[in-house]
Amino acid sequence: MTEQQHIFSLFLPDELVGEIRPLGRGNINDTFIICNPANEPQWLLQRINHHVFPRVEVLQHNLDVVSRTMARHYATDPDARRKYLYFYPVAADPTKNYVQVGENYWRLCRFIADSVSLNEVNPDTARSAGWAFGQFESILATIPEGELGETIINFHHVSFRIEELQEAVRRNVADRLTHVCPWVDELLARSHEFTHHERLYAAGMLPKRTIHCDTKVDNILFDARGEVLCVVDWDTVMPGFILSDVGDFIRTGVCSTPEDEPDIDRIAVKADVYHAFVEGYVQAADFLTETEKSLIPYAGRMMTYMQAVRFLTDYLNGDTYYKVTDPEHNYRRTRAQITYLHRLDDFCQSL
């Protein structure tokens, strides 16, 4: 019996297993497709990267709450099995949806058949993505604040990221500060501007929601007709501001280049993609307050600012967090993000 078969048997009878093969999607967890004896894909077995997600119990609790909420929403839908993720309980302890074997943590998820994911971002896919994430948040808006925990503490907390940058500047362990002083000055000078939403929350003017925190087009599954089936990759689903979800798509999907583009003259805002995404999102996210709607242009700028802060912090710390291809990779990332922030500044003034 292979390791994967043994892990599977802790959830379901091992005689159900046919072929097992790795699934090459995802950069964090190790995922395997489990087929039935007829070699039809039925399950996804995942080894959770507990270095990225050290709060495994919180993570799996969140997944359970989200899955149950989705199940209630789709209770009368005949195609419900393809509309949300389901994580199997452990056979010996049905109150748990993961097992620990040695140092590793594992979970078993239902495979969603006849589905595809897309990578290209154009106005059509952006509108679908906006609608999908808006609907996802709308369904989960019924989850009371306090029910879910943070799977990664301070993940999208801008004030925390600014403090990290200030500490990196103070320590300057990689002796790179002189090289980037103008960027440090600019980002710290704009810190008050991009913590505006935190002050609104403290004043009771901006709610926290259940958000996805990784709003990429390839985190949506589509059916054969190109219709949205479901949002996947729930590991970062946690309490936060809708600005994170809207803003991160604007940061990545609306930018004309990758986030580490070396030629800054190529960096631009794809206006048609921006408008399509926002249109789809607002249409589906029927719970939005007027304050949240008004902050959508701010959201893209805020998330781009935060990512520039994170890349610059890692550069000053000697590239200890993000994977790099060379010593100047985080430098290029920072330059590209700051350039894109400037492009968004100009674009948002025209809205």
Side-chain angles (χ1 to χ4, degrees), residues 11-12 25-26 29 31 41-46 48 53 55-90 94-98 107-118 128-151 207-223 225-242 244-246 248-249 280-288:
F11 295 90
L12 294 171
R25 287 162 36 182
N29 301 314
T31 306
Q42 298 288 305
W43 307 278
L44 293 177
L45 182 66
Q46 285 191 317
I48 303 166
F53 298 104
R55 309 182 80 201
V56 175
E57 185 174 357
V58 172
L59 165 63
Q60 291 301 116
H61 167 76
N62 286 4
L63 296 185
D64 182 60
V65 172
V66 171
S67 187
R68 290 175 185 271
T69 304
M70 288 286 184
R72 287 193 295 271
H73 178 80
Y74 289 111
T76 60
D77 189 328
D79 202 23
R81 290 174 60 88
R82 302 170 71 218
K83 299 292 181 70
Y84 66 95
L85 302 180
Y86 172 75
F87 296 86
Y88 289 83
V90 179
T95 65
K96 295 182 63 177
N97 59 1
Y98 70 97
R107 64 189 177 205
L108 185 70
C109 180
R110 185 166 58 206
F111 180 79
I112 298 178
D114 302 318
S115 64
V116 296
S117 62
L118 306 175
S128 294
W131 186 89
F133 287 114
Q135 185 204 42
F136 183 76
E137 291 176 356
S138 182
I139 295 170
L140 301 184
T142 59
I143 299 175
E145 186 170 347
E147 177 67 22
L148 302 183
E150 291 185 77
T151 56
K208 282 193 176 182
R209 310 284 191 183
T210 300
I211 61 171
H212 187 275
C213 281
D214 194 10
T215 47
K216 300 192 296 283
V217 167
D218 57 5
N219 278 334
I220 302 167
L221 295 183
F222 297 82
D223 65 18
R225 298 171 300 167
E227 299 293 328
V228 171
L229 275 177
C230 68
V231 169
V232 297
D233 197 356
W234 295 357
D235 285 347
T236 52
V237 172
M238 64 178 103
F241 304 108
I242 64 99
S244 291
D245 278 2
V246 174
D248 209 28
F249 187 92
Y281 178 79
V282 173
Q283 180 184 27
D286 55 9
F287 58 88
L288 294 175

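Atoms considered below: every heavy atom in the structure, side chains included; atoms not considered: hydrogens, waters and symmetry mates. Just so it is clear, the structure is predicted and the values come from calculations on it, not from any experiment.
A distance-only check finds a donor-acceptor pair linking the side chain of R209 to the backbone of F287 [under 3.5 Å]. Side-chain atoms of H212 come within 3.5 Å of backbone atoms of V232 as a donor-acceptor pair (strictly under, hydrogens ignored).
Between Y84 and Y86, the ring centre distance reaches or exceeds 6.0 Å.
Distance CG/D64 to CG/N97: 5.5 Å, rounded to 0.5 Å. Put simply, CG on D233 and CG on D214 are 5.5 Å apart, with the number rounded to the nearest 0.5 Å. To the nearest 0.5 Å, the span separating SG on C109 from OH on Y88 amounts to 8.0 Å. Residue R110 holds its CZ atom at 4.5 Å from CZ of R81, rounded to the nearest 0.5 Å. A distance of 11.0 Å separates OG1 in T76 from OH in Y74, rounded to the nearest 0.5 Å. Of the inter-residue distances, the one linking D223 atom CG with C230 atom SG reads 10.5 Å to the nearest 0.5 angstrom.
Here the closest non-hydrogen pair linking K83 and D79 is CG-O, 3.4 Å. Closest of all the heavy-atom pairs between L229 and R82 is CD1-NH2, 3.6 Å. Of all heavy-atom pairs spanning I48 and Q60, the tightest one is CD1-OE1, 3.6 Å.
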inquiry  = Using side chain to side chain contact (heavy atoms under 4.5 Å, CB included), reason through E147 and H61 one step at a time and then give a plain yes or no.
reply    = CA-CA 9 Å; E147 177 67 22; H61 167 76; 3.7 Å; yes
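Taking 4.5 Å as the limit, every side-chain heavy atom of P239 sits out of range of all side-chain heavy atoms of E145. Under the 4.5 Å side-chain criterion, counting only non-hydrogen atoms from C-beta, L108 is not in contact with F87. Inter-residue side-chain proximity for V90 and F11 is flagged as met; some heavy-atom pair is nearer than 4.5 Å. Side-chain atoms of L85 and L63, non-hydrogen and from C-beta on, never get closer than 4.5 Å to each other. Looking at N29 and R107, their side chains come closer than 4.5 Å, going by heavy atoms from C-beta outward. Put simply, the side chain of I220 does not reach to within 4.5 Å of the side chain of S128, judged on heavy atoms. Residues T215 and N219 form no side-chain contact, since every pair of their non-hydrogen atoms from C-beta on lies 4.5 Å or further apart. Side-chain contact check for S117 versus L221: some heavy-atom pair is nearer than 4.5 Å.
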Show every donor-acceptor pair shorter than 3.5 Å between a side-chain atom in residues 132-141 and any protein atom, with sequence neighbours excluded, or say none if there are none.
from	atom 1	to	atom 2	distance (Å)
E137	OE1	Y281	OH	2.4
S138	OG	D286	OD1	2.8

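Applying the side-chain contact (heavy atoms from CB on, under 4.5 Å) test between V237 and each of L59, V65, T210, T151 identifies T210 as the sole match.
A cation-pi geometry, defined here as NZ or CZ lying under 6.0 Å from the six-membered ring centre and within 45° of its normal, holds between K208 and F241.
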